[in-house]
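Please read the structure below before turning to the comments.
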2 protein chains.
Amino acid sequence: MTAPRLLDVAAAAGVSRATASRVLAGTPRNVDPDLARRVEEAARRLGYRTNHSARALRTGTTGTVGVVVPSLANPYFVQLADAIAQQVRAAGGQLVVSDAANSPAIEAEQIDTLLSGRVDGLLVVPVSAAASGPAVRAAAGCAPVVLFDRWAHDSGTVAVTLDNAAAMRLLLDHLDGLGRRRIALVAADQASSSGAERLAAFTAARGADAVTVLLPSFTTDAGRTAGRRIAERRAEVDAVVCGADVLAVGLVSTLQRSAVSVPGEIAVTGFDDTEMLELLDPPITSIRHPLADMAEHALALLQGPPADRAESVERFPPQLVVRASTDADVSP
Amino acid sequence: MTAPRLLDVAAAAGVSRATASRVLAGTPRNVDPDLARRVEEAARRLGYRTNHSARALRTGTTGTVGVVVPSLANPYFVQLADAIAQQVRAAGGQLVVSDAANSPAIEAEQIDTLLSGRVDGLLVVPVSAAASGPAVRAAAGCAPVVLFDRWAHDSGTVAVTLDNAAAMRLLLDHLDGLGRRRIALVAADQASSSGAERLAAFTAARGADAVTVLLPSFTTDAGRTAGRRIAERRAEVDAVVCGADVLAVGLVSTLQRSAVSVPGEIAVTGFDDTEMLELLDPPITSIRHPLADMAEHALALLQGPPADRAESVERFPPQLVVRASTDADVSP
DNA sequence: GAGCTTCGGGAAATCGATTTCCCACACTCT
DNA sequence: AGAGTGTGGGAAATCGATTTCCCGAAGCTC
């Protein structure tokens with residue numbers, strides 16, 4: 001029992017392949033409704049599935065988009081990939097997700113693999129603002145590429161990101177409003193545009209002599225290191241803004257172990273609003289990205305004219321989500 | 001500037017398409033080494049990438065496998081998908097991951113989408129032992145399908161799973177060895193084979209009158225509900241085995257909020273050994289799945305002869321990972 | 001009713017790589 | 001030297017759906 005082909009459906013319905021294709025692919029619907037019904041009926045009866053390889057070969061499009069994220073170990077990127085997947089599926093496509101293991105070299109490899117004729121377009125969350133550019137630029141020469149959540153220098157394409165400066169202002173204003181004055185920053189991964197922008201915005205607002213802890217990577221373990229440093233300087237600090245949720249998680253757990261009360265003594269905020277935050281004790285205040293909107297827009301850019309993908313950065317508005325780690329009165 | 005085709009490479013190297021294909025696809029290497037070098041050189045110079053749609057159409061294989069997991073909101077399934085992805089990539093293929101949103105109906109849909117000529121084979125972590133069977137059986141009629149981590153009734157195919165009964169014994173023996181006698185179980189999702197097997201193994205070992213909390217789903221929130229129930233009955237319990245890590249996370253956080261010390265008053269174990277466990281306070285004892293081995297074996301079954309995929313369940317040995325949630329002496 | 005426009009639908013070319021034949025050439029053996 | 005053997009490589013068929021032409025029929029106008 002070999003799989004039925006379009007030819008078989010056409011024969012069963014008593015029409016030509018051309019007509020069957022027009023009906024099933026939904027191209028210019030100038031087909032007699034009666035014939036159309038016969039074709040659809042035949043297709044159903046035979047259990048016909050269109051062969052996507054053949055379609056892709058003929059049309060030159062695969063209906064698949066790829067996304068390369070820095071690391072799936074960070075739940076924020078899982079959430080991000082999921083938001084993109086939903087938009088892609090809603091449009092009848094498929095998403096392929098690749099993990100760059102936080103390395104620009106592996107990232108370049110993954111981009112290359114995905115580009116080998118398997119995807120119509122590519123969304124990339126670049127690992128590094130400086131080092132990811134060349135690979136992205138090369139890819140953008142072959143297929144539509146849009147950067148997502150972060151940008152890279154000299155990438156040759158558009159980036160759909162969060163307005164990190166506005167987000168930082170939201171957090172600082174919020175803490176200010178609660179009477180916190182000695183605000184520290186825990187920043188990570190200065191190589192990424194988001195890490196760098198968040199640090200820059202903080203410094204712009206609070207001056208260069210505010211307490212700042214710089215860490216190499218966005219991981220919970222880095223957050224614990226930060227927790228130890230902050231605990232040592234607890235006298236100078238009454239609030240900590242973390243550049244990522246995973247940092248905040250590690251930080252809070254370490255602070256609590258050092259008998260620093262959160263938010264009593266030190267208020268803490270995250271960044272990215274991953275789902276795990278609500279489940280901690282206390283739940284952590286964070287910044288929510290409008291991921292669905294961003295994904296929708298990025299996909300539109302992928303499919304739109306190349307002119308819309310000129311190198312530039314588009315920034316979406318962040319949203320502050322207040323939880324008990326800054327304001328104990330908020331119900332958990 | 002249109003993308004170079006095999007024809008262009010062949011012309012540039014002064015050979016026929018056939019020879020160029022033999023060289024680049026690596027089929028029967030009866031090609032003069034000198035010609036081969038010329039072809040490879042030409043391909044590199046022109047920046048040739050083989051068109052996977054065309055190859056797939058001709059060979060009938062896509063080099064892609066799909067995996068359907070119950071929910072990517074559960075970090076265990078992210079880890080599982082990642083383990084499979086690594087094996088697939090090592091073999092030069094691609095992985096497409098789909099999320100069934102914990103619903104057999106959506107699961108059936110995702111299976112159907114993936115099967116439409118886009119994947120060579122399918123790995124499924126079935127949502128439900130009872131309800132997932134029919135869709136899997138239908139899929140197994142069209143393409144190689146292997147169940148992973150869980151099995152389903154009447155699926156018509158082989159399942160590569162963990163030996164849940166052995167895992168439960170490891171946990172109970174460990175707790176026993178620590179002098180814990182009043183052991184409770186927090187079990188979830190009896191509809192899944194893993195949920196059901198873990199409950200059955202616990203009941204077999206401890207008898208039906210041991211304290212047992214049954215929950216609908218594997219989520220952290222369910223874990224908090226369990227935490228409240230256990231806290232109410234704290235006098236009857238000195239250890240809790242959770243059927244999944246996400247449950248343990250919610251449980252521990254709720255117990256601590258109720259001033260129950262872990263492991264002082266109640267020891268807690270998880271199940272699945274997701275990475276987040278090390279980061280909690282205390283880190284949680286759990287069961288590690290040999291995911292890499294399981295993935296390798298499952299992929300071998302996918303590619304092997306259909307006879308090897310007769311309906312059956314293969315069980316891999318679990319490994320106990322002891323952390324401070326059961327044994328305070330273990331360094332965190 | 002002749003001529004013109006529409007419109008539905010069929011025949012066949014097309015997408016690009018793979019693979020089956022099969023030929024030509026070189027080399028070995030008697 | 002002639003026949004036999006093996007091997008590298010080219011011409012062309014093939015995978016299955018889409019899409020461009022193009023033709024015939026039906027509807028319309030005057």
Side-chain angles (χ1 to χ4, degrees), chain A residues 1-40 42-43 46-64 92 115-120 142-143, chain B residues 1-40 42-43 46-64 92 115-120 142-143:
Chain A
M1 183 203 89
T2 171
R5 296 160 311 168
L6 186 59
L7 181 64
D8 305 321
V9 174
V15 302
S16 73
R17 305 209 301 287
T19 302
S21 170
R22 281 190 269 259
V23 172
L24 296 171
T27 32
R29 286 299 283 230
N30 311 329
V31 181
D32 187 288
D34 186 47
L35 280 194
R37 216 170 325 110
R38 256 162 56 202
V39 170
E40 274 162 5
L46 271 60
Y48 172 75
R49 310 164 161 281
T50 108
N51 179 321
H52 282 78
S53 304
R55 169 179 293 178
L57 174 57
R58 178 63 231 232
T59 62
T61 99
T62 61
T64 302
L115 273 191
S116 295
R118 312 215 230 211
V119 299
D120 291 343
C142 305
Chain B
M1 183 200 89
T2 169
R5 296 159 308 167
L6 185 59
L7 180 64
D8 305 321
V9 175
V15 302
S16 73
R17 306 209 300 290
T19 303
S21 170
R22 280 190 268 259
V23 172
L24 296 171
T27 32
R29 284 301 282 233
N30 311 331
V31 181
D32 187 288
D34 185 48
L35 280 194
R37 216 173 323 110
R38 256 162 58 202
V39 170
E40 271 161 8
L46 271 59
Y48 172 76
R49 307 163 163 283
T50 109
N51 179 322
H52 282 79
S53 305
R55 170 178 294 178
L57 174 58
R58 178 63 231 230
T59 63
T61 91
T62 61
T64 302
L115 272 191
S116 295
R118 312 214 228 211
V119 299
D120 290 344
C142 305

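Throughout, a chain's letter reflects where its sequence line sits, starting with A, and its residues are numbered from 1.
At its two ends the helix from C:dG1-D:dC30 to C:dT30-D:dA1 runs along axes set 40° apart, each axis drawn from five pairs and the angle rounded to 10°.
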How does each nucleotide of nucleotides 16-24 of chain D score, in 5' to 3' order, for protein heavy atoms under 4.0 Å: base (B), sugar-phosphate only (S), or none (-)?
-> BBBBB----

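At least one donor-acceptor pair under 3.5 Å links the side chain of A:D120 to the backbone N or O of A:G63.
The two residues A:C142 and B:R49 make their nearest non-hydrogen contact at SG-NE, 4.3 Å. Between A:P4 and A:G47, the shortest heavy-atom distance links the atoms CG-O, 3.8 Å.
Residues passing the salt bridge (charged side-chain N to carboxylate O under 4.0 Å, His left out) test with A:D8 are A:R5, sequence neighbours excluded. With sequence neighbours excluded, the residues that form a side-chain contact (heavy atoms from CB on, under 4.5 Å) with B:A18 are B:S16, B:R22. With sequence neighbours left out, the side-chain contact (heavy atoms from CB on, under 4.5 Å) criterion links B:A42 to B:V9, B:A12, B:A13, B:R45. By the salt bridge (charged side-chain N to carboxylate O under 4.0 Å, His left out) test, B:R55 is found to be paired with no residue, residues two or more places apart in sequence or in another chain being considered.
If you measure from atom CZ of A:R38 to atom C1' of C:dG9, you get 12 Å, rounded to the nearest angstrom.
Remark: of the listed residues B:V15, B:T50, B:L6, B:V39, B:L6 is the sole one forming a side chain to side chain contact (heavy atoms under 4.5 Å, CB included) with B:S21.
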